[in-house]
Amino acid sequence: MAEALISRLGELAIKAETTKGTKALPAVDGTESQFRVYDLDWTLEPRMFERRTASKTLSRYAHLVGQQVGVISGKVELRQSAVTDGVGAEDDWYLLFKAAGLAVATGGSSNAVTFTTDQSAHKTLTALCWIGSDGASGAIRRGIRGAVARALKLDCKVGEPPILSFELVGAYDSGDSDLVEQSDALNTITHESAIPGVFNAISNVQLDDTNADLFLSSFSVDFGPQAVERQSAAATNGIAHYVVADRDVTIEIDPEVAQPSAAYWAGKLSAGTEVKLELTHTQPATSSPSHGACTFAFEFLKCQVQATKRADRNGIESLGVTLKPDLSAEPGDNEMTLTITKAS
């Protein structure tokens, strides 16, 4: 009798493709994907053609399977790896940002890594996941190629590590044994050991270049990538690869009403006036494992208030504020920057 598969036993490995849509299998020893994943999931979304012909009966005919689409989703911690301290090094999970159309710059002698919303840097990924295991060798492997992020959102809450939720969509080639395996050895990744910081003691909180004591309990950025199929009749499965064709970035914060006043936000909303928002999250240094301090500095140069909503946080008046970042200056692709300053 086959053993039951335990759903929490799973792994994820991803790699950027040199040629978009051509699979680039990630190393299964964990050298390329050492981040830890929460809530790893796999979904198959086939495109079905309905054969509704004229007939003497309303009973349906068998559908045809057109494109086969796979989706891999999960969550990772926003934190700098202990193995990528130093100049120019990139963490494995940076690929999730690149797959959403963000650019990563690691230039010069600086320890800073800067993310910007730059569509020209868009990457496609090959992603493999192992879902379930019997504790020995039996696991289900599923993979997709030509994948991009069709969802990417950062959630920061007081007392919790910042969490980056992702959803990768790509072509699922059911005839490719590299991407499909019903009984496969579980990928035994050696995860890196850095400990994330919790979203406490944030610093450099500014509105319009003025220090602001906002009394936030949460901060989120939905990068809103719009993923579309690049269809090709010459491609296996009819899909060459996926493309991030648009984006709709949304920021949400929950300041107390008194800091600043509700009239401040109402005035910005009614006038359509833009506001600049900055804040910095810190990942503290740790001795075991040995890891220097790291900062994550967010900057949104021009945001418009899209909506405000009265809220009650533990009996204290607060506001749910929704912001939409705008083009900062010509040329475009500069609604935001995230600068990670790492330990040297």
Side-chain angles (χ1 to χ4, degrees), residues 77-80 88 90-91 93-94 96-98 100-121 149 152-158 161-164 196-225 247-255 259-260 264-265 268-269 272-283 293-306 321-343:
E77 297 164 341
L78 188 76
R79 52 98 184 93
Q80 182 62 37
E90 295 188 12
D91 260 22
W93 57 264
Y94 291 6
L96 299 173
F97 276 160
K98 292 180 179 181
L102 277 73
V104 181
T106 56
S109 60
S110 171
N111 293 334
V113 179
T114 301
F115 293 89
T116 57
T117 46
D118 184 353
Q119 178 56 24
S120 65
L152 189 70
K153 184 180 181 184
L154 175 66
D155 285 298
C156 305
K157 299 179 181 179
V158 163
I163 296 293
L164 187 68
V198 296
F199 194 64
N200 296 348
I202 61 173
S203 59
N204 192 37
V205 182
Q206 296 194 7
L207 288 173
D208 296 329
D209 293 320
T210 301
N211 290 332
D213 198 0
L214 286 180
F215 280 80
L216 301 177
S217 73
S218 66
F219 161 71
S220 70
V221 184
D222 187 339
F223 296 94
R247 64 171 174 266
D248 185 17
V249 184
T250 303
I251 308 162
E252 293 184 336
I253 56 176
D254 67 339
Q259 301 290 339
Y264 171 87
W265 297 110
K268 295 289 186 181
L269 176 59
T273 309
E274 291 174 321
V275 59
K276 179 180 178 181
L277 174 66
E278 299 173 79
L279 64 85
T280 299
H281 162 68
T282 299
Q283 176 181 329
C294 174
T295 59
F296 299 79
F298 296 86
E299 183 178 51
F300 304 90
L301 293 176
K302 293 183 178 181
C303 300
Q304 286 183 298
V305 180
Q306 184 184 56
V321 179
T322 302
L323 301 165
K324 302 293 288 189
D326 297 331
L327 176 72
S328 172
E330 299 286 358
D333 285 330
N334 49 24
E335 306 107 298
M336 64 151 283
T337 58
L338 166 58
T339 302
I340 303 176
T341 304
K342 305 177 293 180

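Not measured: the values here are computed from a predicted model.
Closest approach of L214 to V205, counting heavy atoms only: CD1-CG1, 3.7 Å. When every heavy atom of V158 is checked against every heavy atom of L216, the shortest pair comes out as CG2-O, 3.8 Å. Between T280 and N204, the shortest heavy-atom distance links the atoms OG1-CB, 3.8 Å. Taking both residues in full, the closest heavy atoms of L96 and A149 are given as O-CB, 4.3 Å, listed atom of the first, atom of the second, then distance.
With sequence neighbours excluded, the residues that form a salt bridge (charged side-chain N to carboxylate O under 4.0 Å, His left out) with D254 are R313. Under the rule for a salt bridge (charged side-chain N to carboxylate O under 4.0 Å, His left out), E274 has no partner lying at least two apart in sequence or in another chain. Under the rule for a salt bridge (charged side-chain N to carboxylate O under 4.0 Å, His left out), K157 has no partner lying at least two apart in sequence or in another chain. Among residues two or more places apart in sequence or in another chain, the ring pair (Phe, Tyr, Trp, His ring centres under 6.0 Å) test is passed with F300 by none. In this structure, Y264 has no ring pair (Phe, Tyr, Trp, His ring centres under 6.0 Å) partners at least two apart in sequence or on a different chain. Partners of E278 by salt bridge (charged side-chain N to carboxylate O under 4.0 Å, His left out), not counting sequence neighbours, listed by chain and number: K276.
Judged by distance alone, the side chain of Q283 and the main-chain N or O of Q80 form a donor-acceptor pair under 3.5 Å. Within the 3.5 Å criterion, the main-chain N or O of K324 finds no donor-acceptor partner in the side chain of Q304.
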_Between K268 and L207, is the side-chain contact (heavy atoms from CB on, under 4.5 Å) condition met? List the steps._
CA-CA 12 Å; K268 295 289 186 181; L207 288 173; over 6 Å; no
*asked:* For W93 and R79: C-alpha separation, side-chain torsions, deciding distance, then whether side-chain contact (heavy atoms from CB on, under 4.5 Å) applies.
replied: CA-CA 9 Å; W93 57 264; R79 52 98 184 93; 3.5 Å; yes
*asked:* side-chain contact (heavy atoms from CB on, under 4.5 Å), that's the test. Do I163 and L154 meet it? Break it down for me.
replied: CA-CA 6 Å; I163 296 293; L154 175 66; 6.0 Å; no
*Going through the checks in order, is the side-chain contact (heavy atoms from CB on, under 4.5 Å) test met by C294 and I340?*
CA-CA 7 Å; C294 174; I340 303 176; 3.5 Å; yes
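Considering CG of N200 and SG of C156, their distance stands at 11.0 Å, rounded to 0.5 Å. Taking CG from D222 and CD from E252, the interatomic distance works out to 8.0 Å, rounded to the nearest 0.5 Å. Between T322 atom OG1 and W265 atom CH2 the span is 10.5 Å, to the nearest 0.5 Å. Atom CZ of F296 is separated from atom OG1 of T341 by 9.5 Å, given to the nearest 0.5 angstrom. A distance of 6.5 Å separates CG in L78 from CG in L338, rounded to the nearest 0.5 Å.
Below 30°, between 30° and 60°, or above 60°: for F219 and F199 the angle between ring planes is below 30°, a parallel geometry.
Two residues are said to be in side-chain contact when any heavy atoms from C-beta on lie closer than 4.5 Å; F298 and I251 fail this criterion.
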